[in-house]
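These notes concern the structure reproduced below.
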Amino acid sequence: MTREPAGLAVVGAGPAGLAAAVAAAGLGVRVVLLDAAPGPGGQFYRQPAAGLGARRPGALHHQWRTWRRLRAALDTLVDRGRVTCLTEHHVWAVEREADGLTVHALLGPEQDRSVAVRAASVLLATGGYEKVLPFPGWTLPGVLTAGGAQAMLKGGLVLPGRRAVVAGTGPLLLPVATGLAGAGAAVVALVESAGPKDFVRRSRALAAEPAKLAEGAGYAAGLVRHRIPFRGRHTVVEAHGGDRLEAVTVAALDAEGRPRAGTLRRLACDTLAVSHGMLPHTDLAETLGCRLDGPDVHVDDEQRTDVPGVWAAGEATGIGGAALALAEGHIAGHSVAARLAGTAPDPDAWAGAARVRTRLRAFFAALDGVYAPPRQWPELVTDDTVACRCEDVTAGAVRSAVRDLGAGDLRTVKLLTRAGMGWCQGRICAPGVAGVAGCDLTPTRRPIARPVPLGVLATPPDRPDAPGHPEAPDRHDEHDQIDPPDPTPSKGLS
């Protein structure tokens, strides 16, 4: 079956992907926008299901007006036939071909059928995911990521519990704590490993972005309004419970990042929302052979990767929030449109977005230095603590692989212990396993970015009996095919 052709395939419909799709389509590029969610918005603009009848969905968000403007622009372009939105499309691979690129995605909740979207160019706006470091009791029911708690509230209008502790480090903790409290939960404490001195040391760089400081001050006011105790330079030492979480023990940290003697305190709770920062989603970029700078996809001033025809924007190129993602997506969309038209891009067309990008990259570089997990956190992980949840590998087994078997890198630890061989393929446990092992967190190139049924892999899109092939029946089955267009943007469209 043949659908609307694409000059640009955008993977991810969060702030970066939406901004790029709107910019490129507004300049005449035919865009296919793919996302795993039921609708556009990504994690940042996550919407409650229509059936829930939310009366004030904007109450759970900030930058709501920006979202409304972005969504209105997208809807207009969809109505004009410039953008095709493919929701519930779970992208598992992007292939380079002689005449363009092919994006492979699993369809719907069952994810047992695949579609191949062919395009002249691809933008990776794959976002980021939370980093959670292991600690005793972290596998108890009732312990979840801070982003998971926020997603339950935004998308399902559901509280994860009635009495919560929000802990770890990073700017995400503030909106999660105030959001839970605003929805009716009793937030016992916000436990943050960063302290006032960490902010003072970087005050000059942080002060250069007053809008972000004002946003943080607003959340601080929310903590006061909801009477949420803030415990800076503290960490969760252990979570306690039988069938589910019942309490956590927290402690103040000394200058070396170790718990200070005499500061242990037990807090009763039924929910622990924990996060230790964010990491970029780079699976697709790594598979394509894109260069990484540390954990981030490397891009030039146009948001191009070093792989021809592939752009990247948003958290995949470095964690920096929605405003930075919007700026990068806008730049990428303009660049794609010019390159597909065979003209040299004009930086003046995105000069404002480029200034925003420069400022926010500097701001978040300084913020990264503030929000860092305690240096000695692996010392708190007891040998019987599970380090890899999928394969039930303990921290003791990881340490034994290093100490007794000579493992010196993450891959060898994986081979010797199976840590990282489970369903998540190390995406969740790798930072914790690397920290316990005392080795570097190195990227792993995977041929596929998510689990794929063998039946899908066994049925290539160009098989004569595969749907989409000229000789195949016009029906949905294992594969649908979207063919590439003439990449030249249509003239006169805006």
Side-chain angles (χ1 to χ4, degrees), residues 130-140 143-147 149 164-178 187-203 205-206 216 219-220 223-224 228-241 245 247-269 271-279 319 364-387 395 398-399 431-438 441:
E130 280 183 278
K131 176 171 65 176
V132 180
L133 303 174
F135 53 89
W138 76 304
T139 58
L140 280 170
V143 180
L144 72 167
T145 67
V165 171
V166 179
T169 189
L172 179 61
L173 302 186
L174 287 167
V176 170
T178 55
V187 180
V188 180
L190 195 165
V191 181
E192 168 62 70
S193 62
K197 291 183 179 179
D198 299 311
F199 288 91
V200 171
R201 282 194 291 267
R202 294 167 177 83
S203 58
L206 297 176
Y219 286 125
L223 296 181
V224 174
I228 301 172
F230 177 79
R231 301 185 182 278
R233 289 297 293 170
H234 278 64
T235 193
V236 170
V237 175
E238 186 174 358
H240 311 279
L245 179 69
V248 298
T249 295
V250 302
L253 296 170
D254 63 18
E256 298 300 317
R258 295 184 175 92
R260 282 170 33 203
T263 66
L264 294 179
R265 182 170 180 176
R266 190 179 177 108
L267 304 175
C269 60
T271 301
L272 172 61
V274 62
S275 175
H276 296 101
M278 300 282 292
L279 291 169
I319 303 300
F364 280 97
L367 211 60
D368 284 345
V370 172
Y371 291 120
R375 291 192 298 273
Q376 308 302 329
W377 71 263
E379 296 179 6
L380 302 178
V381 183
T382 58
D383 279 350
D384 60 349
T385 300
V386 171
V398 172
R399 289 175 175 135
V433 171
V436 170
L441 179 60

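- When the salt bridge (Lys or Arg N to Asp or Glu O under 4.0 Å) test is applied to R258, the partners found at least two apart in sequence or on another chain are E379.
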- prompt: For F135 and L272, what are the C-alpha separation, side-chain angles and deciding distance, and is it a side-chain contact (heavy atoms from CB on, under 4.5 Å)?
  reply: CA-CA 12 Å; F135 53 89; L272 172 61; 3.7 Å; yes
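- Applying the side-chain hydrogen bond (donor to acceptor under 3.5 Å, both in side chains) test to T385 and every residue at least two apart in sequence or in another chain returns T382.
- Between R260 and T263 the shortest heavy-atom distance is O-OG1, 2.7 Å.
- Looking only at distances, no side-chain donor or acceptor of E130 sits under 3.5 Å from a matching main-chain atom of M278.
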Please tabulate, one pair per line, all N/O donor-acceptor pairs under 3.5 Å involving side-chain atoms of residues 230-238, not counting sequence neighbours.
residue : atom : partner : partner atom : Å
R233    : NH1  : S193    : O            : 3.3
R233    : NH2  : D254    : O            : 2.6
H234    : ND1  : G232    : O            : 2.8

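- Side-chain contact check for V250 versus L267: some heavy-atom pair is nearer than 4.5 Å.
- Across all non-hydrogen atoms, the minimal contact from W377 to V436 is CH2-N, 4.2 Å.
- Residues satisfying the side-chain contact (heavy atoms from CB on, under 4.5 Å) test with F364, not counting sequence neighbours, are K212, L360, L367.
- Here the shortest heavy-atom pairing between A273 and A149 reads CB-CB, 4.1 Å.
- Summarising the geometry of P134 relative to G432, their closest heavy-atom pair is CD-CA, 3.5 Å, with the distance given to 0.1 Å.
- Here the closest heavy-atom approach between residue L279 and residue P431 is recorded as CD1-CG, 3.7 Å.
- Legend: residues meeting side-chain contact (heavy atoms from CB on, under 4.5 Å) with A164, ordered by chain and number and at least two apart, are L180, T271.
- For R202, there are no salt bridge (Lys or Arg N to Asp or Glu O under 4.0 Å) partners two or more places apart in sequence or in a different chain.
- Legend: residues meeting side-chain contact (heavy atoms from CB on, under 4.5 Å) with V132, ordered by chain and number and at least two apart, are W138, T145, V274, H276.
- A search for ring-ring contact (aromatic ring centres under 6.0 Å, His included) contacts involving F199 returns Y371, not counting sequence neighbours.
- Of all heavy-atom pairs between L172 and A146, the closest is CD2-CB, 4.1 Å.
- Here the CG-SG distance, from L245 to C269, works out to 4.5 Å after rounding to the nearest 0.5 Å.
- Residues passing the salt bridge (Lys or Arg N to Asp or Glu O under 4.0 Å) test with D383, sequence neighbours excluded: R399.
- If you take CZ on R266 and OG1 on T249, they are separated by 5.5 Å, rounding to the nearest 0.5 Å.
- In this structure S203 satisfies the side-chain contact (heavy atoms from CB on, under 4.5 Å) test with no other residue, sequence neighbours excluded.
- For R201, the salt bridge (Lys or Arg N to Asp or Glu O under 4.0 Å) criterion is met by D198, not counting sequence neighbours.
- Distance check, rounded to the nearest 0.5 Å: CD of Q376 to CG of L253 gives 10.5 Å.
- Using a 4.5 Å cut-off on side-chain heavy atoms (C-beta onward), L223 and L190 make contact.
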